Protein chains: 2
Amino acid sequence: MKWDDVGNQACSVARTMAVIGDRWTMLILRNAFMGTRRFDHFQLQLSVTRHVLSERLKRLVDAGIFRKEAYKPNRYEYRLTQMGRDLYPVLLAVTAWGDTWLDEGRGAPLVFQHKGCGEMMTPTLVCSECGEKVTASDVIPMAGPGLQALPGSK
Amino acid sequence: MKWDDVGNQACSVARTMAVIGDRWTMLILRNAFMGTRRFDHFQLQLSVTRHVLSERLKRLVDAGIFRKEAYKPNRYEYRLTQMGRDLYPVLLAVTAWGDTWLDEGRGAPLVFQHKGCGEMMTPTLVCSECGEKVTASDVIPMAGPGLQALPGSK
DNA sequence: GCGCTAAGTTTCATTTTGGAACTTGATGGC
DNA sequence: GCCATCAAGTTCCAAAATGAAACTTAGCGC
């Protein structure tokens, strides 16, 4: 199967991966959340080739995750839209997992202070209804309204 | 920069992406959470080539996300380890984003019932300390113990 | 022992990367 | 005004990864 087809599946994971499911894209987003906006800055900070960076930014703009804006004639910057900012929980979940499982005993490279309460926080996933922490075995996935075809897998 | 190098950065996002940051890998994990365990089942459900599937499963086993176990002589299944199960919040965060932004008016393909309270839930990211919902602007990232070098970006 | 099944491996053409140089349209200095 | 510079890409090519499909290998069922 090709990736264009994967994006058409009735699965939010597949559709999301068709947009952001690539290594560089996540790192681009990470840096965007840290304040990076310009082509050359992304390129330098990430050491990604200009070629790939160009293609990824284009895709993210098309998807509506970045807005490309001229900050002076012929010079552009890439700013997260609301759609893009909404990816923060994904980044945080990824970070939390990496901190837990890949730190090699060194501790988290970054820690997060929550403005609201002032404490250092661990991003935690909870049920929207009862506020309880959620793990894989606490959840029953069920067919929702957006499901068309279900070959046991999608 | 090559991907092996990216995995060595002092950044949990980069390190995590070096392991799971690839489109197929996320879909493999999605299906693993839905109960899939065997090579041919993954292959059929995902329509990924056997070639790529083989390589990805190998990497996930090496990383410690799957455990490869013989269920009879010469037949194996891939089961999530605790490290693997801990990726569930990432999957849920991805799903929640896709449900919000990519459903094209059709509604979520899958909905999640929380066993604890019985309600249909939206996975929500909160601060571990105060329980408040967290967005990008609520958080201040700061250097943590695992940070060695910080070229403004990593 | 024959055919089936599961779990891969191999082969090869096509696509995608990585690396590096080239292009283009403002500025900025003098 | 004119030359140098800088930012934001594009182009080119070799190397690596992917997709598609056929092939391999070992145990099972009968």
Side-chain angles (χ1 to χ4, degrees), chain A residues 1-9 14 17-28 31-32 35-63 66-80 152-153, chain B residues 1-9 14 17-28 31-32 35-63 66-80 152-153:
Chain A
M1 191 188 282
K2 296 276 181 58
W3 268 98
D4 290 351
D5 303 325
V6 169
N8 292 325
Q9 290 185 15
M17 286 304 106
V19 182
I20 60 160
D22 140 288
R23 288 144 125 133
W24 288 120
T25 300
M26 278 298 215
L27 297 185
I28 290 168
N31 284 34
T36 303
R37 293 178 175 177
R38 300 191 186 168
F39 191 93
D40 276 19
H41 295 171
F42 281 115
Q43 201 272 319
L44 225 78
Q45 291 169 2
L46 298 175
S47 301
V48 61
T49 62
R50 309 175 76 75
H51 194 34
V52 169
L53 177 59
S54 169
E55 196 275 329
R56 293 297 186 280
L57 288 174
K58 215 168 284 175
R59 185 183 341 165
L60 290 170
V61 169
D62 284 352
F66 279 125
R67 194 175 48 246
K68 183 176 178 176
E69 224 166 68
Y71 64 92
K72 62 168 113 168
N74 225 348
R75 293 296 146 86
Y76 303 95
E77 52 187 22
Y78 296 87
R79 317 184 59 151
L80 289 163
S153 62
Chain B
M1 190 189 283
K2 297 277 185 54
W3 268 98
D4 289 352
D5 303 325
V6 170
N8 292 325
Q9 290 184 14
M17 286 304 105
V19 182
I20 61 160
D22 140 290
R23 290 145 123 131
W24 288 120
T25 300
M26 277 300 214
L27 298 185
I28 290 168
N31 283 34
T36 303
R37 292 178 175 177
R38 299 191 187 169
F39 190 93
D40 277 20
H41 295 172
F42 281 114
Q43 202 272 317
L44 224 79
Q45 290 168 3
L46 298 175
S47 301
V48 60
T49 62
R50 309 175 77 73
H51 194 34
V52 169
L53 177 60
S54 169
E55 197 275 329
R56 293 298 186 281
L57 288 173
K58 216 168 284 175
R59 183 180 346 161
L60 291 169
V61 169
D62 284 353
F66 278 126
R67 194 173 48 247
K68 183 175 176 176
E69 224 166 67
Y71 63 91
K72 62 167 114 168
N74 227 343
R75 293 296 147 87
Y76 304 94
E77 53 187 22
Y78 296 87
R79 316 184 60 151
L80 289 163
S153 60

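Here is how names work: the chains are called A, B, and so on, in the same order as the sequence lines, proteins then strands, and each is numbered from 1. All values derive from a computational prediction rather than experimental measurement.
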Problem - Protein proximity profile, nucleotides 22-28 of chain C - base contact B, sugar-phosphate-only contact S, no contact -, cut-off 4.0 Å on heavy atoms - result: ---B-S-
Exercise for the section: Using side chain to side chain contact (heavy atoms under 4.5 Å, CB included) as the criterion, list what pairs up with Ala32(B), not counting sequence neighbours. Expected result: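 Result, side chain to side chain contact (heavy atoms under 4.5 Å, CB included) vs Ala32(B): Phe42(B), Phe66(B), Leu80(B).
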To the nearest 0.5 Å, what is the distance between [atom1] on [X] and [atom2] on [Y]?
X	Y	atom1	atom2	answer
Ile28(B)	Arg23(B)	CD1	CZ	14.0 Å
Ile20(B)	Met26(A)	CD1	CE	7.0 Å
Leu44(B)	Thr36(B)	CG	OG1	10.5 Å
His41(B)	Leu46(B)	NE2	CG	12.0 Å
Leu53(A)	Gln45(A)	CG	CD	10.5 Å

Handout entry: Under the salt bridge (Lys or Arg N to Asp or Glu O under 4.0 Å) test, residues paired with Arg56(B) that sit two or more places apart
Key = Asp22(B)
Handout entry: Those residues that, when tested against Asp40(A), pass salt bridge (Lys or Arg N to Asp or Glu O under 4.0 Å) (two or more places apart)
Key = Arg50(A)
Problem - Neighbours of DNA chain D within residues 51-63 of chain A, by heavy-atom distance under 4.0 Å - result: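 Here the set is His51(A), Ser54(A), Lys58(A).
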Practice task
Identify all stems in which DNA chain C takes part, counting only runs of at least 3 consecutive pairs (Watson-Crick or G-U wobble, each distance under 3.5 Å), and give each as one range with another, ordered by first number.
Solution key: C:1-30 with D:1-30
Exercise for the section: Identify the heavy atoms of Ala63(A) and Val19(A) that sit nearest to each other, and give their distance. Expected result: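 Minimum heavy-atom contact is CB-CG1, 3.5 Å.
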Completion exercise
Closest non-hydrogen atoms of Ala18(B) and Arg59(B), given as atom of the first, atom of the second and distance, are O-NH1, 3.6 Å
Separation of atom [atom1] in [X] from atom [atom2] in [N], rounded to whole Å:
X	N	atom1	atom2	result
Gln45(B)	dA7(C)	CD	P	12 Å
Glu77(B)	dA6(C)	CD	P	13 Å
Asp5(A)	dT15(C)	CG	P	14 Å

Exercise for the section: Using the heavy-atom set of chain A and a strict 4.0 Å cut-off, write down the first and last nucleotide of DNA chain D that makes it in, 5' to 3'. Expected result: dC6(D) to dA20(D)
Exercise for the section: Find out whether Met17(B) and Trp24(A) are in side-chain contact, i.e. whether some heavy atom of one side chain is under 4.5 Å from a heavy atom of the other. Expected result: no
Distance-only donor-acceptor pairs under 3.5 Å for side chains of residues 67-75 of chain A, two or more places apart:
from     : atom 1 : to       : atom 2 : distance (Å)
Arg67(A) : NE     : Glu69(A) : OE2    : 3.0
Tyr71(A) : OH     : Arg38(A) : NH1    : 3.4

Problem - Short side-chain N/O contact from Tyr71(B) to OP1 or OP2 of dA7(C), under 4.0 Å - result: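 For dA7(C), OP1 or OP2 has a side-chain N or O of Tyr71(B) closer than 4.0 Å.
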Practice task
Using atom types as modelled and distance alone, determine if a side-chain donor or acceptor of Gln43(A) lies under 3.5 Å from a backbone N or O of Thr49(A).
Solution key: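 Flag not set: sc Gln43(A) to bb Thr49(A) has no pair under 3.5 Å.
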Practice task
Looking at every strand, decide which applies to Phe42(A) at a 4.0 Å heavy-atom threshold: base, sugar-phosphate, or nothing.
Solution key: nothing
Exercise for the section: Report the residue (Trp3(A) or Tyr76(A)) whose heavy-atom-nearest nucleotide on DNA chain D is the more 5′ of the two. Expected result: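 With Trp3(A) and Tyr76(A) compared, the 5'-side residue is Tyr76(A).
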